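The figures here come from the full heavy-atom set of this structure, side chains too, leaving out hydrogens, waters and symmetry mates. These figures come from a predicted structure and were not determined experimentally.
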Amino acid sequence: MKIVAVLYEGREAAAKEPRMLGCVEHALGLRDWLQSLGQEYIVTSKAGSELDELLVDADVLITTPFHPAYITRERMDRAKKLKLCVTAGVGSDHIDLDAANEKGITVAEVTGSNVVSVAEQVIMTMLVMVRNFVPAHEQAVKGEWDVAQIAAKAFDLEGKIIGTIGAGRIGRRVLERLKPFDPKELLYSDYQDMPEDVQRRTNARRVDLHTLIRTCDVITVNAPLNKSTRGLINKDIISQMKDGVYIINTARGAIVDREAIREACESGKVAGYGGDVWDVQPAPPDHPWRTMPNNAMTPHYSGTTIDAQLRYAAGVKEILNRFFNGDPLNPQDVIVQGGKYASAAYVYPPEE
């Protein structure tokens, strides 16, 4: 079989860190194993015409959310032999899932591989913004010292109302990690209740979306990108939020309207917008989120820490091994298969 993987370039970082498996140079640690099985394995960072040529006779495609190759219906039309798309990580919205269903292509991802990594990033970003860390750090770098200027916009998480849009594997872990900060209340908006044990540990209350956005001091987005969430955080929704709200988005950039959040940060309606996901990736140099005020944006790396890479590389190997042997894939890893959605996260409206 021919397996094609599209990963990001590691360059000098790859030379220094052999555990950085998610880059082109280290190829998810799969090269020797696949070659020993007699499989053809091609790894590239190119997601344009070069990929189109490689896909013509590819059986398996491996992609990643951090350097996504957008797999459209047109690309699938040309990839006549494509049977399996594997996401090295979590989040397969860069693949046209409806088209994959129609063509009988299985789409799988390494469910749970980076949920802890992303949940920790949410907490970090939340603290960075609420404590006004970025301007404070910039003062230190520039040789300045104006405590009042920093402290005037620095707050505690204690006593705040904090809510998550989406309470799946990541959202739940965010709520669990927020509990020790002693917030006034934890809220979540989701199409289903959290498991009872998580509910007990967090004492979080399930509310509808409009109650959450009107009530919370801090809002974190932990939902998949699908037809119901694309552009969800728009000008109208933001207008209903509290003045001075903080928004953290490590889910998908396209859940937030680009211009609406820029305008809200410039006006001060939103006191801070932070995260590592962009509505197009890699983000162009002139993307407004790079320079808008009150931002704590980074490149998309929350789910590709070294620890996460070790997990999702192992998960990709397991998926491939099962596929080669004709064994069923782990149900939690399957997004679409046999022309049907297997994961409720990508179904609109969601199925209970």
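- For the residue pair T305 and S117, a side-chain donor N or O sits within less than 3.5 Å of a side-chain acceptor on the partner.
- Summarising the local packing, NZ of K153 is surrounded by 12 or fewer heavy atoms from other residues, nucleotides or ligands at distances under 6.0 Å.
- Electrostatic pairing of R322 and D333 does not count as a salt bridge here, judged by no charged N lying under 4.0 Å from a carboxylate O.
- Remark: of the listed residues R252, H287, R230, H287 is the sole one forming a side chain to side chain donor-acceptor pair (under 3.5 Å) with D279.
- A salt bridge links E259 with R262: at least one charged nitrogen is closer than 4.0 Å to a carboxylate oxygen.
- The pair D59-K83 counts as a salt bridge, with a side-chain nitrogen and a carboxylate oxygen less than 4.0 angstrom apart.
- Between R78 and D52 there is a salt bridge, since at least one side-chain N of the basic residue sits less than 4.0 Å from a carboxylate O of the acidic one.
- Under the 4.0 Å criterion applied to side-chain N and carboxylate O atoms, D190 and R206 are not assigned as salt-bridge partners.
- A salt bridge links D77 with K103: the distance from a Lys NZ or Arg NE/NH1/NH2 to an Asp or Glu carboxylate oxygen falls below 4.0 Å.
- Salt-bridge check for R311 with D307: failed, with every basic side-chain N at 4.0 Å or more from each acidic carboxylate O.
- In the model, T304 has a side-chain atom that pairs as donor or acceptor with a side-chain atom of Y8 under 3.5 Å.
- When each of K242, K160, K184 is tested with D217 by the rule side chain to side chain donor-acceptor pair (under 3.5 Å), just one qualifies, namely K242.
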